[in-house]
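Remember, it's 1-based here, ligands and their atoms both numbered in the order they're listed. This chain uses plain numbering: 1 for the first residue, then up along the sequence.
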Amino acid sequence: MSVLVYIENVDGAFKKSGFEALTYAKAIGDLTGKTVAALSIGQVEQESLEKLGTYGISHVVQVDSGRLKQFVNQAYAAVIADVAKHLQATTIVLSNSFSGKGLAPRIAAKLGAALADGAISLPIIEADIWQIKKSVFSSKAIATDKLRTTTKVIALTPNVFEVKESPVSTEITAYEPSINTTDFSTVIKDIVRTTDKVSLPEADIVVSAGRGLKGPENWGMIEELANVLGAATACSKPVSDAGWRPHAEHVGQTGLAVSPSLYIAIGISGAIQHLAGVSSSKTIVVINKDPEAPFFKVADYGIVGDAFEVVPQLIEALKAHNI
Ligand code: FAD
């Protein structure tokens, strides 16, 4: 009876959402007195696997079969379910990332488990029933899932659970899963990257802009500032509604939640619905020409000024200092 947490990697590098899932799984282990094991699939350096001990995980299972080099939904779900059975894990935790959204229901079906997808809280456990809060209707409402089965699958919403370190030494064991040819009914022929930009949910720095930018033609300086900082770009809802930027960049209550180390908000008023998706950012810098803009109330640093004057000066200053 243990907790198994699956940590995603991209090209061998674990994702931030995976560390969040680790921290969440460790908290469930502490809550229930169960041991926690982490599962990594695909090629990951030994050093990176050992570093998982930083998050309090003392057992890591590594599945490194050549056939699993690329992510295949059905096959990965089969492997995770197989490892869960092997370890007699009754709680399976993963991130509700793009891949996690496909994996979680498949794993639950394979294990006959109840599923909480999009979890935003730790469980409240009463008489073996686990109550877990989740965001629904594009985060417009919060629902409570009641998990009544012995085995449970929990897919954690990214960027809602803070990563915490509690270092222990880690034992890594290799595992050869039983996978069928039918698990590979989807064949990945080629992976084409459409952008080299930093992924927004994973970004450590986010440069975000709002209606104060006046139109899509003015986004060049936002892109440039993001490039100089190695940041992802984001926007407010009206901006993506107007088609100035893609919907994938919309952050807030009805968009993505982000929790970067640095969030720079340019020409965004700071409406409560926008703040809902960004308030867990470690440092918030606001650039707005209106000193009364609500965003300044939650800012760590504020610049009252015209974005069209401030942003080019900021870019020049950063370039001058080779940042
Ligand atoms: P505005 O409110 O128009 O603010 C523009 C800001 O730019 C102002 O503060 C202005 O002073 C400043 N400005 C103007 N010119 C300049 C300049 N030259 N230099 C510097 N500053 C300048 N919004 C979201 O963002 N995300 C959501 O998920 C979201 N969900 C919503 C859900 C619901 C149910 C509802 C009702 C609303 C939602 N909204 C959401 C909309 C939200 O209420 C605000 O309307 C929106 O965030 C405002 O966007 P904005 O700050 O870009 O524009």
Side-chain angles (χ1 to χ4, degrees), residues 17 96-98 101 118 120 133-143 157-161 198-203 205-226 228-229 231-260 262-318:
S17 55
N96 203 38
S97 59
F98 289 115
K101 280 180 183 157
I120 57 169
K133 287 197 178 123
K134 60 189 251 180
S135 51
V136 291
F137 301 124
S138 303
S139 305
K140 286 194 188 72
I142 291 174
T157 296
N159 289 320
V160 296
F161 209 79
V198 185
S199 143
L200 180 53
E202 297 283 320
I205 305 177
V206 174
V207 175
S208 187
R211 212 151 41 181
L213 266 282
K214 319 283 184 224
E217 66 281 3
N218 295 322
W219 243 262
M221 63 179 185
I222 302 299
E223 298 268 10
E224 194 179 353
L225 179 58
V228 171
L229 290 169
T233 48
C235 67
S236 65
K237 183 174 183 292
V239 162
S240 63
D241 285 349
W244 297 359
R245 298 297 292 176
H247 276 293
E249 288 196 0
H250 152 205
V251 294
Q253 184 188 317
T254 47
L256 283 173
V258 292
S259 64
L262 175 62
Y263 185 82
I264 305 177
I266 303 163
I268 303 177
S269 57
I272 193 156
Q273 296 90 354
H274 185 84
L275 298 183
V278 307
S279 52
S280 62
S281 307
K282 286 196 185 66
T283 302
I284 296 179
V285 175
V286 170
I287 302 170
N288 197 304
K289 69 176 186 184
D290 175 7
E292 300 298 321
F295 224 142
F296 283 122
K297 292 201 175 93
V298 297
D300 297 285
Y301 300 94
I303 301 173
V304 179
D306 187 328
F308 297 99
E309 290 169 16
V310 175
V311 175
Q313 286 179 37
L314 195 53
I315 294 167
E316 285 312 312
L318 289 166

(message) Does ligand 1 come near enough to A307 that some N or O of the ligand is less than 3.5 Å from an N or O of the residue?
(response) yes

(request) Enumerate the atoms of ligand 1 whose separation from the nearest heavy atom of G305 is less than 4.0 angstrom. (result) 19 (N), 20 (C)

(request) Check ligand 1 against G255 and write out every atom of the ligand that is under 4.0 Å from a heavy-atom position of the residue. (result) 28 (O)

(request) Please state whether the rings of H274 and F295 are parallel, tilted or perpendicular, taking 30° and 60° as the class boundaries. (result) perpendicular

(request) For atom 32 (C) of ligand 1, state which one of D306, V286, T254 supplies the nearest heavy atom. (result) T254

(request) Can you figure out which of H274, H250, Q273 has its heavy atom closest to atom 31 (C) of ligand 1? (result) Q273

(message) Under 4.0 Å, heavy-atom basis, I'd like to know which part of F295 is in contact with ligand 1: side chain, backbone, both or neither.
(response) neither

(request) Identify the two heavy atoms, one from G210 and one from S236, that lie closest to each other, and give their separation to 0.1 Å. (result) CA-OG, 3.5 Å

(request) Indicate yes or no: does E223 engage R245 in a salt bridge with an N to O separation below 4.0 Å. (result) yes

(message) Just to be sure I read this right, does ligand 1 sit under 4.0 Å from the backbone of A271, its side chain, both, or neither, counting only heavy atoms?
(response) side chain

(request) Look at atom CZ of F308 and say whether more than 12 heavy atoms of other residues, nucleotides or ligands are closer to it than 6.0 Å. (result) yes

(message) Just to be sure I read this right, does ligand 1 sit under 4.0 Å from the backbone of P238, its side chain, both, or neither, counting only heavy atoms?
(response) side chain

(request) Would you indicate which of C235, A293, S236 comes nearest to atom 50 (P) of ligand 1 when only heavy atoms are counted? (result) S236

(request) Indicate whether the side chain of T233 and that of E249 have a donor and an acceptor atom separated by less than 3.5 Å. (result) yes

(message) Is it the case that ligand 1 has an N or O less than 3.5 angstrom from some N or O of G267?
(response) yes

(request) Would you check if there is a donor-acceptor pair between the side chains of Y301 and T283 at a distance under 3.5 Å? (result) no

(message) With a heavy-atom distance limit of 4.0 Å, tell me whether V251 approaches ligand 1 through its side chain, its backbone, both, or neither.
(response) backbone

(message) Please list, in number order, the atoms of ligand 1 under 4.0 Å from a heavy atom of F308.
(response) 18 (N)

(message) Assess the residue pair D300 and V285 against the criterion (side-chain contact (heavy atoms from CB on, under 4.5 Å)); give the C-alpha distance rounded to whole Å, side-chain angles, the decisive distance to 0.1 Å, and a yes or no.
(response) CA-CA 6 Å; D300 297 285; V285 175; over 6 Å; no

(request) Only heavy atoms count here, so choose which of N288, V304, D290 is nearest to atom 10 (C) of ligand 1. (result) N288

(request) For Q253, take its heavy atoms, then give the atoms of ligand 1 lying under 4.0 Å from any of them. (result) 27 (C), 28 (O)

(request) Give the C-alpha distance, both sets of side-chain angles, the deciding distance and a yes or no for side-chain contact (heavy atoms from CB on, under 4.5 Å) between H247 and D241. (result) CA-CA 7 Å; H247 276 293; D241 285 349; 3.5 Å; yes

(request) Answer yes or no: is there a side-chain heavy-atom contact under 4.5 Å between L225 and L318? (result) yes

(message) With heavy-atom distances below 4.5 Å as the criterion, would you say the side chains of L262 and V207 are in contact?
(response) no

(message) I need the atoms of ligand 1 closer than 4.0 Å to a non-hydrogen atom of G210, numbered in the order shown.
(response) 52 (O)

